[in-house]
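Quick note on labels: first sequence line is chain A, next is B, and so on, each numbered from 1.
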Amino acid sequence: MTGRRAFTLVELLISVALGLVIVFVAFAGVRVAAQSISVVNRLALENEVLREGYLMANDQVDTWTWHDDPTAPPTERPLRQVASDGRGLAFTPLRDTWTYVADSDRERQRGWDAENPWSPADPACWWRGDMAEKAYGTMRHGRYALFAHVDAANGPVDIDSPAGSYGSGIPVARSWLYGQTKGLLHGLGFYGACDYLTGNAVYGWYDRWQDGATTDGGIPRWLVAPNWNSSAFTNGDGDQATVRGLYRLTFVTQFGLVSPTVGTTGDQLAAQDRRWWGLFGPSDFDTWKSATGTGRSLMRLRPAHWPEASVSINRAIKNRRFIAMSFVRLASPLTGQVMEFTFSAFGTSLRGARQQRRPDDGWARWDNAAGFANDPTLDSP
Amino acid sequence: MSGTAKAMGLPGMRPADPGFTLFEVAISLALVALGVTSVLMLFPLGIKTQQLARFQLLAVAKAQEMVECFAAGSNLNPAIDTEAGAAWDVAVGHRSLSNDLEIRLATHNYGIAPVPLDIARRLDSDGDEIATILAGGGYLYYSQPMATTSFFQSSLGAFQPSETQRLVFAVDGYAQANAMHSLPWKAWPYYIPYPSPPIHGTHRAEFLPADAIRYVARGYTEADAPSYCYEPCNDPSDPTFSEMAKVFEHVEAGTSYGYKPYAYDPGAFPGNAADFSAAGAMRYFQAARWYAARIATLNAWPTDFHEPADPTQHRRAFIDDANAYREVHAMRFLAHAATCLTRWWTHAELQPPGLPIPSVTIAGITAPATAMTHAKIVYFHESAMNLVMRYASSFPYDFGAPRPHQRATMMDHPLIEWDLFAPPATGSLFGSAIAAQQWRPLPARPITHIGRSYQLPDRDIPATTFSAGTGPNSPIGGRFSLAAPFQPAERCRQLLFWAVDWQAYEDAETAPGAPLDASKYPIAGPVLEGGNPASVERRMDWFDFASSQLYAFRNPEKVMSFTDDVAWRPTGDDVAALRHGEDFETSRDRGVTPSAVRIMSALHGADRNFNGRLDRGPLAKATRLRAQSVGRFNFYDPRLTLVIR
């Protein structure tokens, strides 16, 4: 019988071996593919979460809703409160802390006028006073309270000093700029006032002299006296004891915008809001970060294997720079690995954010269309 | 025969198709393997795509932050000297203060630092862009681990790792000719409070004219705080200034007049009884009135030009626009001195007919007697404010009177740029024979009443300092471009980002820092030592370096750079204490000692991921890495030196 022979054993073995190779390659390929897909999916998921975190941070820099959500019930808007002594917070309607009183004489006007452009050519906007008057001075340059006085909007003032009285019932022409500076510090806190006042603002005013509470000429000492107690407006840098501007106020220390979570009452929040922060070491940074940070988890509900993401914003004024420091943090539930990227961002100022909000609740509507009446805002009388 | 038998190739049947040969099977397997491998190769592409997406996100955030920091970060460097007799002798005339994104940000507080050149040169990129930038003298940068905040980096504490440091970036496009940071000969504008006495303050006892009024600030010694009155030295040819000496301090027939006897001399302080008195205030006011009378004679103005016909009508206009600065000074002194009276006399005593002010005659000029009232004091104050504000708005290129501190707006800053199209000025560094040159300044309009500077009041600022020319568009040449329109393509620059794991190199932290631009060294201005010009080396060691006062200077890696050799240390060693960190008057990079030079230049390397450990990556120095292009961002340098919100 002739015909083709059958496969030899060697051939069969080789065939089986080759088959095994195919199976192995295919298996390895599928395995690598599965791993790759898993890695790609994880990376894609992380990237998507990071991207959302980045967008959320930028959104917060613009909308400030973590500081104050205008759609939330009043009980969830702690930064709108008024402290027991009448001081306001960053989102307190100014009308609640600083009553607007119109007057045909601009210098007699009290309260915040949102329509005033603060023109540098407007004499009401020029700071008047002795910039050399020290906390411990002798008033040798005279009494500048007679040119501008914070109480002059209410009528003639008494001008006293340790050197004796200049007189009682003195009519003083200027008051508006002092009133604005004092009113903003009272109504909005340190960060808020710095946000509203002009870049070249001088942080000082003349008031009625009080022994120990003001300079001899009447400048409140808390505005000028060197003070390394952090619960103060000024720091002790260089022992400077005169009025100063924002750069010098934030040259060594900084103002921070208090987080709505560091207290529940207006008094608690105001105490944290009215102070300077010195970041001289890592522990200072952590303290500041927790006291001024507003943050959220990116997803309240998520699959267990998804990374946990959070975003937080800290706001501060340092070297006159208004900083919105943004943190986007990712923690893997599988590996425990944590990554975080931070950046400072451009965004809406506090004043802009307040003008986005109605004084009661809800977002304020703005339009420049003819005949459109803009909604009142937190700055409205 | 059944088909089955045929298929089996049984004898007698038609031969069946031969089976696959081993060769064919091998070929088939090879094809299968190729196919599988090809498919497998696609999966890493997916990973790379996602990695690229990650880096693109990080690059977007970093680019945004850089632009924010450039626009909003402070550009002040309070520690540096700002005035000299030549642009090259003072830091404000150097490149480190140019209004350029990478110059401004590549500093120890603003978040970017150059990748060590040794490492940057090992990086390949598409189109050899990195190599091209390096060859052109540019830098490749990396990011500090945390956001750029203006906080001290060493206070930022523990931070979580991110991949931002695997980004490297560079600026493509030429630096632009923008506004000068400050005029090196005179750091104008001078800002002072209005009203105020003649400008006075601390100044070493050198570069002063022989007739300068010198004194010692209270509470200090001559060695600690020698002081002088500047404004009388401002322009010896203009009595407007030289006569201010009498407002500051003057003795006439044995009686002291002026501000200093009243306010600064020992009697001004509790426990003494000299001129810090009503009489002293009166004599200061008399001196201010005398000055007004003197100014009146200079201009043929009425002697009583400053006296109000109606004190309730404050002055708002100048008698003579060409000499507006003289009126500004006169009213400034009158207002300041008049207010000093209120320390001693009451509102009631200052009612009409008023406080009698005796006449005074000084140097042959008499200020007649008058009476002062509260209303006139207010008049002088408000008029002084009105006039100086008007002056600042109307005459931005007149240096005759300082700008009011109460109105420190950007509009008061004159526009001056370096003239790149005229021959530069040449000379030598102060105190040396080292040749130097710099472009000449080109202002938008001629500067009037430039006077002398506070730092060098013993010499004029010659007209040849400025670029000459009479072009059609500007009184000083037609080359002034700061206010000229431009096309985007003329000024657009790009931020280029790549991703590369450069920190995987074994020398990522031990490689010396990139070569430092010499302008980053905060050298002191001209100073004398023992009556002789201090050498350049001495000026490099003259003043204390303080981190918080020198943003634009020193090595961008200063905070993380090592202060000692770490090459011998084992990988992972704790090197946190060896980081230079922040300092205040304890700088170890100051001066020309070998140690200081090494630290200033970051020759010991740096803790570049700021984790406090000495890291060495697995890659040998000989390895080249390919940087993956991540993104490009267009930007423009602002033409003016400014800070915005």
Discussion item. Ring-plane angle category for B/His336 and A/His141, please: parallel below 30°, perpendicular beyond 60°, tilted otherwise.
Written reply: perpendicular
Worksheet entry | B/Met385 versus A/Trp127, closest heavy-atom pair with distance | CE-O, 3.6 Å
Discussion item. Heavy-atom pairs under 4.5 Å with chain B - which of A/Ser36, A/Gly167, A/Ser344 has more of them than the others?
Written reply: A/Ser344
Worksheet item: Which atoms form the tightest heavy-atom contact between B/Pro193 and A/Met131, and what is the distance?
Response: CB-SD, 3.7 Å
Practice prompt. Count the heavy-atom pairs under 4.5 Å between each of A/Glu46, A/Gln35, A/Arg42, A/Glu11 and chain B, then report the option with the highest count.
Written response: A/Glu46
Item to complete: Taking all non-hydrogen atoms of both residues into account, name the closest pair between A/Phe147 and B/Val378 and its distance.
Response: CE2-CA, 3.8 Å
Practice prompt. Name the region of B/Trp345, side chain, backbone, both or neither, that has any atom closer than 4.5 Å to a heavy atom of chain A.
Written response: backbone
Worksheet, complete the sentence: Answer key: most heavy-atom pairs under 4.5 Å with chain A among B/Ala281, B/Ser143, B/Ser74, B/Ala348 is B/Ser74
Worksheet entry | Heavy-atom contact with chain B under 4.5 Å, split by part of A/Asp237 | neither
Discussion item. Counting only non-hydrogen atoms closer than 4.5 Å, does A/Ala316 touch chain B with its backbone (N, CA, C, O), its side chain (CB onward), both, or neither?
Written reply: side chain
Worksheet item: Relative to chain B, which of A/Leu330, A/Val202, A/Ile159, A/Asn58 shows the most heavy atom pairs under 4.5 Å?
Response: A/Asn58
Item to complete: Against chain A, label B/Leu350 side chain, backbone, both or neither, depending on which of its atoms sit under 4.5 Å from a heavy atom there.
Response: side chain
Worksheet entry | Portion of A/Arg174 that has a non-hydrogen atom of chain B nearer than 4.5 angstrom | side chain
Worksheet item: When heavy-atom pairs shorter than 4.5 Å are enumerated against chain B, which of A/Ile22, A/Val32, A/Val328, A/Asn319 gives the highest number?
Response: A/Asn319
Discussion item. Looking at B/Gln50 and A/Val40, would you say the former's side chain and the latter's main chain have a donor-acceptor pair under 3.5 Å?
Written reply: no
Worksheet item: Can you tell me if B/Arg407 uses its side chain to pair, donor with acceptor, with the backbone of A/Pro120 under 3.5 Å?
Response: yes
Worksheet, complete the sentence: If you tally heavy-atom pairs under 4.5 Å between each of B/Thr164, B/Val67, B/Leu76 and chain A, the highest tally belongs to B/Leu76
Discussion item. What part of B/Pro197 gets within 4.5 angstrom of chain A, counting heavy atoms only: side chain, backbone, both, or neither?
Written reply: neither
Practice prompt. Measure A/Asn41 against the heavy atoms of chain B and call it side chain, backbone, both or neither at under 4.5 Å.
Written response: neither
Worksheet entry | Greater than 12 external heavy atoms within 6.0 Å of A/Gln337's CD | no
Discussion item. Does any backbone or side-chain atom of B/Tyr259 lie under 4.5 Å from a heavy atom of chain A? Answer side chain, backbone, both or neither.
Written reply: side chain
Practice prompt. Report the option among B/Leu341, B/Leu58, B/Val643 that has the most heavy-atom pairs separated by less than 4.5 Å from atoms of chain A.
Written response: B/Leu58
Worksheet item: Which value, rounded to the nearest 0.5 Å, describes the distance between A/Leu146 atom CG and B/Thr339 atom OG1?
Response: 6.5 Å
Worksheet entry | Test log, rule side-chain contact (heavy atoms from CB on, under 4.5 Å), inputs B/Arg54 and A/Arg51 | CA-CA 9 Å; B/Arg54 171 80 55 92; A/Arg51 199 174 296 117; over 6 Å; no
Worksheet item: Which pair of non-hydrogen atoms, one from B/Gly73 and one from A/Arg321, has the smallest distance, and what is that distance?
Response: CA-CD, 3.8 Å
Worksheet, complete the sentence: If one checks every heavy atom of B/Ile192 against chain A at 4.5 Å, the contacting part turns out to be neither
Practice prompt. To the nearest 0.5 Å, tell me how far A/Ile170 CD1 sits from B/His374 NE2.
Written response: 6.0 Å
Worksheet item: Which heavy atom of A/Phe251 sits nearest a heavy atom of B/Pro78, and at what distance?
Response: CE1-CG, 4.2 Å
Discussion item. Would you say that B/Pro195 contacts A/Tyr144 through its side chain, given a criterion of any heavy-atom pair below 4.5 Å between the two side chains?
Written reply: yes
Practice prompt. Quick one: list whatever passes ring-ring contact (aromatic ring centres under 6.0 Å, His included) with B/His314, sequence neighbours left out.
Written response: none
Worksheet item: If you take all heavy atoms of A/Arg140 and B/Ala263, which pair is closest and at what distance?
Response: NH1-O, 2.6 Å
Discussion item. Given 3.5 Å as the limit, does a donor-acceptor pair link the side chain of B/Thr342 with the main chain of A/Arg143, or not?
Written reply: yes
Fill in: Side chain, backbone, both or neither of A/Gln254 within contact of chain B (heavy atoms, under 4.5 Å)
side chain
Fill in: Greatest number of heavy atom pairs closer than 4.5 Å to chain B - which of A/Ala132, A/Ser161, A/Gly142
A/Gly142
Worksheet item: Which of the residues A/Asp195, A/Asp216, A/Val252 is involved in the greatest number of heavy-atom pairs with chain B at under 4.5 angstrom?
Response: A/Asp195
Worksheet item: Given the options B/Glu349, B/Gln549, B/Arg390, which has more heavy-atom pairs under 4.5 Å with chain A than any of the others?
Response: B/Gln549
Fill in: A/Asn47/B/Gln51 under side-chain hydrogen bond (donor to acceptor under 3.5 Å, both in side chains): CA gap, chis, key distance, verdict
CA-CA 9 Å; A/Asn47 285 348; B/Gln51 287 175 329; over 6 Å; no
Worksheet entry | Any donor-acceptor N/O pair, B/Arg343 side chain to A/Thr138 backbone, under 3.5 Å | yes
Discussion item. Among B/Glu65, B/Gln56, B/Lys62, which residue has the highest count of heavy-atom pairs closer than 4.5 Å to chain A?
Written reply: B/Glu65
Discussion item. Need one label for A/Leu18: side chain, backbone, both or neither, based on atoms under 4.5 Å from any heavy atom in chain B.
Written reply: both
Discussion item. For A/Ser349, which atoms come within 4.5 Å of any heavy atom of chain B: side chain, backbone, both, or neither?
Written reply: both
Worksheet item: What distance do A/Leu43 atom CG and B/Leu52 atom CG have between them, rounded to the nearest 0.5 Å?
Response: 11.5 Å
Discussion item. What I want to check is whether the side chains of B/Gln64 and A/Tyr54 have a donor and an acceptor closer together than 3.5 Å.
Written reply: yes
